[in-house]
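The structure appears below as structure tokens.
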Amino acid sequence: MHALPAENMAAWQLPDGPRAAGEARRHVREQLARWNLDDLSMSTELLASELVGNVVRHAKGPTGLRLLRTHTLVCEVSDASLTMPRVRRATETGEGGRGLQLVGALSERWGSRYTRSGKAIWTEQTLPSSDGSAPPRPPAAPDTGRPA
């Protein structure tokens with residue numbers, strides 16, 4: 001872990017309840033536009049919305065959203081629950097079990113960690129290169145449960 005300049009971080013407290021996911025999507029869209037990362041907007045909005053939706057459905061607030069821009073984009077959602085997420089198997093007719101599978105499909109890596117007041121679930125996405133192509137993927141590092 002290393003310190004990031006303030007211009008590479010953005011954080012918000014989200015309201016309780018169903019409005020939180022829509023507000024998270026708006027914050028993500030606006031911040032990525034400021035960082036000229038519009039290409040990541042759709043996937044990051046979906047990731048943030050899914051993670052916030054899981055808080056609304058399975059955990060308890062207060063809910064926080066944080067974006068960190070380094071050599072990757074980290075999207076982190078925190079809540080006051082100590083219950084860690086687990087990937088479940090989705091049934092054909094069931095409503096649940098697909099969220100974390102979607103998170104895994106849209107992000108390079110994801111994980112969770114305990115915080116002083118609960119837990120944080122984070123995703124990591126590769127930043128596009130300056131010429132618009134995806135940069136080469138670095139060698140996989142062991143998942144330590146914390147974003148790089």
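- Interatomic distance, CZ of R57 versus CD of E50, reported as 9.5 Å (0.5 Å rounding).
- A 4.5 Å side-chain heavy-atom check between L4 and L68 finds at least one atom pair inside the cut-off.
- The side-chain heavy atoms of T44 and L67, taken from C-beta on, include a pair separated by under 4.5 Å.
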Report task. With side-chain contact (heavy atoms from CB on, under 4.5 Å) as the test, would you mind laying out the steps for N54 and I121 before giving the verdict? Result -> CA-CA 10 Å; N54 283 346; I121 304 168; 5.8 Å; no

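- Residues L14 and V77 have side chains not in contact (no heavy-atom distance under 4.5 Å, counting atoms from C-beta outward).
- For the pair L37 and R69, the minimum side-chain heavy-atom distance is below 4.5 Å.
- A pairwise comparison of heavy atoms in D38 and A33 identifies OD1-CA, 3.1 Å as the closest pair.
- Shown here are the side chain to side chain contact (heavy atoms under 4.5 Å, CB included) partners of L46, two or more places apart in sequence or in another chain: L102, L106.
- Rounded to the nearest 0.5 angstrom, S81 OG and Y114 OH are separated by 8.5 Å.
- Residues meeting the side chain to side chain contact (heavy atoms under 4.5 Å, CB included) test with M42, sequence neighbours left out: none.
- Looking only at side-chain heavy atoms (C-beta outward), L40 and W35 stay at 4.5 Å or farther from each other.
- In this structure, the separation between CZ on R113 and OG on S78 is 8.5 Å, given to the nearest 0.5 Å.
- Residues in residues 13-27 take part in these salt bridge (charged side-chain N to carboxylate O under 4.0 Å, His left out) pairs, two or more places apart or across chains: R26-E30.
- With rounding to the nearest 0.5 Å, the separation of CG in L32 from NE2 in H27 is 12.5 Å.
- In plain terms, the two heavy atoms of L47 and S107 that are nearest each other are CD1-CB, 4.3 Å.
- For K119 and D79, the salt-bridge test passes: some basic side-chain N is under 4.0 Å from an acidic carboxylate O.
- Here the OG1 atom belonging to T123 is positioned 11.5 Å from the CG atom belonging to L100, to the nearest 0.5 angstrom.
- Of all heavy-atom pairs between A48 and C75, the closest is CB-SG, 3.9 Å.
- Of all the heavy atoms in L82 and G118, the pair that sits closest is CD2-O, 3.6 Å.
- Closest approach of G17 and V56 over heavy atoms only: O-CG2, 3.4 Å.
- The shortest side-chain heavy-atom distance between Q125 and T72 does not fall under the 4.5 Å cut-off.
- Separating the OG atom in S112 from the CD atom in E76 is a distance of 10.5 Å, to the nearest 0.5 Å.
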